[in-house]
Amino acid sequence: MLPIARGVYRGLATITRNSRGAFHTASAFRCKAETSTEGNDAAATEGEGEDSASGSAPDAKDRSKAIPVETSIRYLKSAAYKQTYGEDFVWTQYRRNHKGMYAPRKTRKTCIRQNRITTGNPCPICRDEYLVLDYRNTELLEQFISPHSGDVLSYSKTGLCQKSHLRLMVAVQQARDSGYITYDVPFREYDYNEYYGQEQKQKA
């Protein structure tokens, strides 16, 4: 009788275990389906929130939008510009990031690649999208011209990247050719007696 009772007990235990497993499996599938549905709803809600957030706060490193030079000229006379730079030039408070004690002789080639800032410390022109280098924007160009010699300041002093410095050189030359920026022509004194005196002696 004892072996028979053990066999019956094991059979009943197996049936009970299988039925419980089926019940728990069905419940797990049901809970998983509900969780996935809630997750999709939450993801959709978060996506809408991100879209609204992206619409209110644009990417600070995006440079795909072209700023008109008229807007840049008005910006240099606005209160926002005074609050940001004060009475200093746009490059006065800028400091280069470099490895070691001494800065490299040349600055980086460019700060913007594929219409996006790719460096953590862009140059004074690339970091502010409203600073447009144009021959009509004389107030900005004059900040990069030495008042003593009239030459364009070196990139080692202003911290401009190579691409922005080249654009600055082109804009300054165009402004001078167009008459927006005046410059002094070097004056040279000549002793005309060295030239006309010989002609007069020959005529005499």
Side-chain angles (χ1 to χ4, degrees), residues 45-99 101-185:
T45 306
E46 291 178 0
E48 295 176 357
E50 290 178 358
D51 294 340
S52 61
S54 62
S56 60
D59 189 4
K61 293 188 176 182
D62 184 20
R63 291 296 181 269
S64 59
K65 182 180 179 182
I67 305 298
V69 62
E70 293 80 9
T71 304
S72 179
I73 294 174
R74 292 195 302 269
Y75 170 67
L76 291 174
K77 300 178 181 178
S78 64
Y81 175 83
K82 296 296 183 182
Q83 183 179 1
T84 305
Y85 300 100
E87 299 297 332
D88 299 330
F89 296 150
V90 296
W91 53 268
T92 304
Q93 300 296 331
Y94 178 77
R95 295 295 179 269
R96 293 172 57 188
N97 286 345
H98 54 83
K99 183 178 180 181
M101 184 181 301
Y102 302 102
R105 188 178 64 87
K106 280 191 175 183
T107 56
R108 65 174 63 93
K109 292 183 179 180
T110 180
C111 303
I112 300 175
R113 290 182 174 86
Q114 297 180 357
N115 296 327
R116 187 174 177 82
I117 293 179
T118 57
T119 179
N121 186 31
C123 72
I125 294 297
C126 295
R127 67 181 176 181
D128 195 342
E129 59 182 344
Y130 289 98
L131 298 179
V132 180
L133 292 175
D134 191 270
Y135 70 96
R136 294 166 289 180
N137 197 357
T138 57
E139 187 175 351
L140 178 61
L141 297 181
E142 288 175 351
Q143 297 185 15
F144 296 90
I145 298 177
S146 175
H148 307 289
S149 61
D151 297 333
V152 178
L153 297 175
S154 174
Y155 48 78
S156 60
K157 183 178 182 63
T158 59
L160 295 182
C161 62
Q162 297 296 309
K163 187 175 182 179
S164 295
H165 185 74
L166 180 60
R167 289 167 48 207
L168 173 66
M169 297 286 290
V170 173
V172 169
Q173 189 62 37
Q174 288 180 347
R176 288 174 176 174
D177 294 341
S178 302
Y180 287 94
I181 295 179
T182 59
Y183 61 97
D184 297 332
V185 178

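We use all heavy atoms of the structure for the numbers below, so side chains are in, but hydrogens, waters and symmetry mates are not.
Side-chain contact between R108 and T119 is present, with at least one heavy-atom pair separated by less than 4.5 Å. Residues K157 and W91 have side chains in contact (heavy-atom distance under 4.5 Å, counting atoms from C-beta outward). When side chains are defined from C-beta on, I181 counts as touching I145, because their heavy atoms get closer than 4.5 Å. Between L133 and I125, some side-chain heavy-atom pair lies under the 4.5 Å cut-off. A 4.5 Å side-chain heavy-atom check between Y75 and D128 finds at least one atom pair inside the cut-off. Within the 4.5 Å cutoff, the side chain of R63 has heavy atoms near those of the I117 side chain. The closest side-chain heavy-atom distance from M169 to Y155 is not below 4.5 Å.
Between V90 and Q143 the shortest heavy-atom distance is N-OE1, 3.0 Å. Closest heavy-atom contact between I67 and Y130: CG2-CD2, 3.8 Å. Shortest non-hydrogen contact noted between R96 and K106 is NH2-O, 3.3 Å. Between G159 and C123, the shortest heavy-atom distance links the atoms O-CB, 3.4 Å. Residues R127 and Y94 come closest through the heavy atom pair NH1-CD1, 3.5 Å. Across L131 and P124, no two heavy atoms sit closer than the pair CD1-O, 3.5 Å.
For Y85 and F89, the gap between ring centers reaches or exceeds 6.0 Å.
Within a 6.0 Å radius of CG in D184, no more than 12 heavy atoms belonging to other residues, nucleotides or ligands are found.
Within the model, atoms CD of Q174 and CG of L141 stand 10.0 Å from one another, a figure rounded to the nearest 0.5 Å. Within the model, atoms NZ of K109 and SG of C161 stand 12.0 Å from one another, a figure rounded to the nearest 0.5 Å. To the nearest 0.5 Å, atoms CG (L76) and NZ (K82) are separated by 9.0 Å. D88 CG to Q93 CD: the interatomic distance, rounded to the nearest 0.5 Å, is 5.0 Å. In this structure, CD on E129 lies 9.0 Å from OG on S64, to the nearest 0.5 angstrom. Atom SG of C111 sits about 10.5 Å away from atom CD of Q162, to the nearest 0.5 Å.
Formation of a donor-acceptor pair under 3.5 Å by the S72 side chain with backbone atoms of P68 is not found in this model. N121 places a side-chain N or O within 3.5 Å of a backbone atom of R95 that can act as its donor or acceptor partner. No donor-acceptor distance shorter than 3.5 angstrom exists from the side chain of S164 to the backbone of L160, with no hydrogens or angles considered. A donor-acceptor distance shorter than 3.5 angstrom exists from the side chain of T110 to the backbone of I112, with no hydrogens or angles considered.
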Practice task
Assess whether side chain to side chain contact (heavy atoms under 4.5 Å, CB included) is satisfied between N115 and K65, documenting all intermediate values.
Solution key: CA-CA 8 Å; N115 296 327; K65 182 180 179 182; over 6 Å; no
Exercise for the section: Might you work through the side chain to side chain contact (heavy atoms under 4.5 Å, CB included) test for V132 and L140, ending with a clear yes or no? Expected result: CA-CA 8 Å; V132 180; L140 178 61; 5.8 Å; no
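Taking the charged nitrogens against the carboxylate oxygens, D59 and K61 have no contact shorter than 4.0 Å, which rules out a salt bridge.
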